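In what follows, a single structure is set out as C-alpha cells and then discussed.
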Amino acid sequence: MPSDLEKAEAVRAAMPAEGLFAEKDWLVSPEPFPLDAATVSELEKLGHRLNAFIRACNDLYHLSAQGRQPRWISEYLDRGKPRELIEFARAKIFRDAVPQVIRPDLILTDNGFTIAELDSVPGGIGVTAWLNQTYAKLGADVIGGADGMIEGFRSIFPEGDILVSREAATYRPEMEWLARARNAERGTRSEEAATSVTDAESFSVPSSALQAPRSIYRFFELFDLPNLASSPSLMESALRGEVRITPPIKPWMEEKLWLALFWMRPLREFWRRALRENHFLALQKSIPYSWIVDPTPLPQHAVIPKLDIHDWRELGEFSQKQRALILKISGYSELAWGSRAVFLGQDMPHAEWRAVIDRALHDFESHPYLLQEFHKGK
C-alpha cells in the first residue's frame with residue numbers, strides 16, 4: 001500500500017511536461033476529494049436537470065424575441081451585444097442548438113450544493129479528465145470513471161478543431177492534452193479524423209468542409225469575436241452549414257442573468273411547464289436567489305423582493321451582516337469570466353460596496369449585473 005507521500009509524488013509525476021494550465025501550478029493531494037453517497041446521487045441527477053434548464057432558456061429567449069413571451073426577457077439578454085451578432089445568432093439554422101458541455105460552479109454547503117454560475121464555455125474539461133485518469137490509476141473510485149470525461153467529450157465532439165483564442169490561452173495546455181488523449185483512445189492516425197487544437201485568430205475553414213460539415217469546438221468567449229480575424233469567415237461558413245460550432249454562437253446562452261430570470265415571479269409557470277415540477281423544485285434548492293440590478297424606477301408602493309428596498313442604492317447602506325450578497329457582471333465582457341468583476345459585499349468596506357453598486361446601475365444598458373445571495377461553503 002503506497003504512502004500518502006508516494007501517492008502525491010505519483011500524481012506530480014503524471015503531470016504533462018507542459019502542464020495543464022499555462023504558467024500555472026498547484027499543490028497535489030494524495031487522494032481525490034471524498035463525497036458522500038447522497039451528494040453523488042444529486043450530482044448524477046444534476047446534468048439532466050441543467051440540460052433541461054438550458055434548453056428551456058434557449059426556448060424562452062426565442063419565444064420572447066418572437067413576441068410570444070414578454071419582450072423584456074430578450075431585451076435584458078441582448079443588452080450590450082452588437083445588433084449583427086444578435087441577428088446572426090437568431091438564424092433558423094441554429095434555432096435548437098445549445099451548449100454541449102456545461103459546468104455548474106458548485107459550492108458545497110451544509111445544506112447540499114448551490115450553483116454559483118453556469119458556464120457554457122467551461123475551462124476544466126481536460127484537467128478533470130486528467131485528474132480522473134490519474135487518481136483512478138492509484139485505485140480511487142472517481143465519479144464517471146477513469147475515462148468518463150474523455151468518452152463524454154468524444155460523444156459530442158467526435159473529431160474536428162478546438163479553437164482557442166489568446167484571451168483563453170491559459171486553458172490551451174489542458175485542451176491539447178484532451179485532444180491527444182481523445183486521439184490516442186480512438187487510435188486516430190489520419191489528419192482528417194483527428195481532433196486538433198488551433199489558434200482561433202488564424203483559423204481558416206478547411207476545404208473539406210465543403211463536402212461534409214467540419215466540427216468546431218469554440219473555446220473562447222463571444223466578446224472576443226471582434227479580436228479574431230477568422231470570425232467573419234467562420235460565421236459565414238456556419239450559416240451555410242459548412243461547419244458545426246459548439247458551443248453555438250448565441251450570446252444569450254452565456255449570460256448569468258438566467259439565474260435571476262429563473263426566480264422571477266412572472267416566469268414561474270413557464271419554468272414549471274418547461275422543466276416539469278420535480279426538476280423545477282430541485283433547481284430551486286440549488287440555484288441561489290438572484291436579482292437583475294435594473295435601475296428602472298419602481299412604483300412608489302413596490303419593493304424589490306426579499307431585499308425589501310425601493311431603490312438599489314439602499315443596498316449600499318446595508319450592514320456587513322446584511323451584505324451576504326455577491327454582485328457580478330452578467331456576460332459579454334472581458335470581466336465576465338475568471339472571477340473578475342465579482343464582489344462579495346461582506347468582504348468590502350461600505351464605500352467600495354456603494355461604488356460597485358453605482359457602477360452596476362450606471363453600466364446597466366451595456367453590461368447588466370447580477371446580484372445573488374451568498375452561500376458559505378462548508
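Counting begins at 1 with the first residue of the sequence. These figures come from a predicted structure and were not determined experimentally. Hydrogens, waters and symmetry mates are skipped; everything else that's a heavy atom, side chains included, is used.
- Salt-bridge formation is detected for the pair E87/R83: a Lys NZ or Arg NE/NH1/NH2 atom is positioned less than 4.0 Å from an Asp or Glu carboxylate oxygen.
- Minimum interatomic distance between P82 and Y332 (heavy atoms only, all atoms of both residues): CD-OH, 3.3 Å.
- Under the 4.5 Å side-chain heavy-atom criterion for ILVMFWY residues, a single connected hydrophobic cluster contains both L63 and I86.
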Going through the distances and angles, do D161 and F203 end up as a side-chain contact (heavy atoms from CB on, under 4.5 Å)?
CA-CA 9 Å; D161 300 280; F203 178 78; 3.6 Å; yes
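- With hydrophobic clusters built from ILVMFWY side chains whose heavy atoms lie under 4.5 angstrom apart, L315 shares a cluster with Y289.
- For the side chain to side chain donor-acceptor pair (under 3.5 Å) criterion with Y61, the lone passing option out of Q69, R90, K250 is R90.
- Between L261 and L267, the shortest heavy-atom contact is O-CD1, 3.6 Å.
- Of the possible donor and acceptor atoms, none in the side chain of E255 sits under 3.5 Å from a partner among the backbone N and O of W252.
- A side-chain N or O of T39 and one of D36 form a donor-acceptor pair less than 3.5 Å apart.
- Heavy atoms only, all atoms of each residue included: S290 and L370 are closest at CB-CD1, 3.9 Å.
- Ion pairing of R166 with D199 is absent here, as no side-chain N (NZ or NE/NH1/NH2) approaches a carboxylate O to less than 4.0 Å.
- Between R12 and E6, no side-chain nitrogen of the basic residue sits less than 4.0 Å from a carboxylate oxygen of the acidic one, so the salt-bridge criterion is not met.
- Between W271 and F53, the distance separating the two ring centers is shorter than 6.0 angstrom.
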Give the C-alpha distance, both sets of side-chain angles, the deciding distance and a yes or no for side-chain contact (heavy atoms from CB on, under 4.5 Å) between T246 and I216.
CA-CA 6 Å; T246 188; I216 304 293; over 6 Å; no
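- Salt bridge absent: R214 and E242 never bring a charged side-chain N and a carboxylate O closer than 4.0 Å.
- A salt bridge links E176 with R172: the closest approach of a Lys/Arg side-chain nitrogen to an acidic carboxylate oxygen falls below 4.0 angstrom.
- For the atom pair CZ of F113 and NE2 of H375, the computed distance is 13.0 Å after rounding to the nearest 0.5 Å.
- Under the 4.0 Å criterion applied to side-chain N and carboxylate O atoms, E42 and R49 are assigned as salt-bridge partners.
- Interatomic distance, NZ of K376 versus OG1 of T114, reported as 15.0 Å (0.5 Å rounding).
- Across all non-hydrogen atoms, the minimal contact from P122 to Y217 is CD-OH, 4.1 Å.
- Closest approach of I143 to L35, counting heavy atoms only: CD1-CD1, 3.8 Å.
- A continuous path of ILVMFWY side-chain contacts below 4.5 Å connects M348 to W312, so both sit in one hydrophobic cluster.
- Salt-bridge annotation for D110 and K378: absent, with no side-chain N of the basic residue lying under 4.0 Å from a carboxylate O of the acidic one.
- Remark: the R323 side chain and the H350 side chain contain an N/O donor-acceptor pair separated by less than 3.5 Å.
- The main-chain N or O of G47 is never found under 3.5 Å from a side-chain atom of N51 such that the two would form a donor-acceptor pair.
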One pair to check against side-chain contact (heavy atoms from CB on, under 4.5 Å): I304 and H310. What are the steps and the verdict?
CA-CA 6 Å; I304 296 169; H310 181 73; over 6 Å; no
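- Under the 6.0 Å distance and 45° angle rule, R218 counts as a cation-pi partner of F220.
- The aromatic rings of W26 and W130 sit perpendicular to each other, their planes meeting at more than 60°, with 30° as the lower class boundary.
- Under a hydrophobic clustering in which Ile, Leu, Val, Met, Phe, Trp and Tyr are joined whenever their side-chain heavy atoms come within less than 4.5 Å, directly or via other members, F33 and V40 fall into the same cluster.
- Counted by atom type alone, Q133 and D147 present one or more donor-acceptor pairs between their side chains at under 3.5 Å.
- We find the CD1-CZ distance between I93 and R244 to be 10.0 Å, quoted to the nearest 0.5 Å.
- Between R354 and E314 no salt bridge is recorded (no basic side-chain N to carboxylate O distance below 4.0 Å).
- Side-chain contact, T195 with E159: no donor N or O sits under 3.5 Å from an acceptor N or O.
- Within the 3.5 Å criterion, the main-chain N or O of L131 finds no donor-acceptor partner in the side chain of T134.
- The residues K328 and E117 are annotated as salt-bridged, a charged nitrogen and a carboxylate oxygen being separated by less than 4.0 angstrom.
- Looking only at distances, a side-chain donor or acceptor of R79 sits under 3.5 Å from a matching main-chain atom of E75.
- Summarising the geometry, atom OG belonging to S231 is positioned 10.5 Å from atom CG belonging to L222; distances are rounded to the nearest 0.5 Å.
- Minimum interatomic distance between A169 and A22 (heavy atoms only, all atoms of both residues): O-CB, 3.8 Å.
- Relative ring orientation between F262 and F280 is described as tilted, the plane-to-plane angle lying within the 30° to 60° band.
- Atoms CD1 and NE2, from I357 and H362 in turn, are 15.5 Å apart once rounded to the nearest 0.5 Å.
- A salt bridge is defined here as a Lys NZ or Arg NE, NH1 or NH2 lying under 4.0 Å from an Asp or Glu carboxylate O, and D59 with R95 meets this definition.
- Clustering ILVMFWY residues whenever any of their side-chain heavy atoms sit less than 4.5 angstrom apart, transitively, puts L325 in a cluster other than the one holding V303.
- Atom CG in L259 sits 11.0 Å away from atom OG in S286 (nearest 0.5 Å).
- Below 30°, between 30° and 60°, or above 60°: for F153 and F157 the angle between ring planes is between 30° and 60°, a tilted geometry.
- The backbone N or O of V127 lies less than 3.5 Å from a partner atom in the side chain of E174, making a donor-acceptor pair.
- In this structure, a donor-acceptor pair under 3.5 Å is present between the side chains of T296 and D294.
- In this structure, F21 has its ring center under 6.0 Å from that of Y171.
- W353 places no side-chain N or O within 3.5 Å of a backbone atom of E317 that could act as its donor or acceptor partner.
- Under 4.0 Å is where a charged nitrogen must lie from a carboxylate oxygen, and between K306 and D308 no such pair does.
- Of the possible donor and acceptor atoms, none in the side chain of R103 sits under 3.5 Å from a partner among the backbone N and O of G124.
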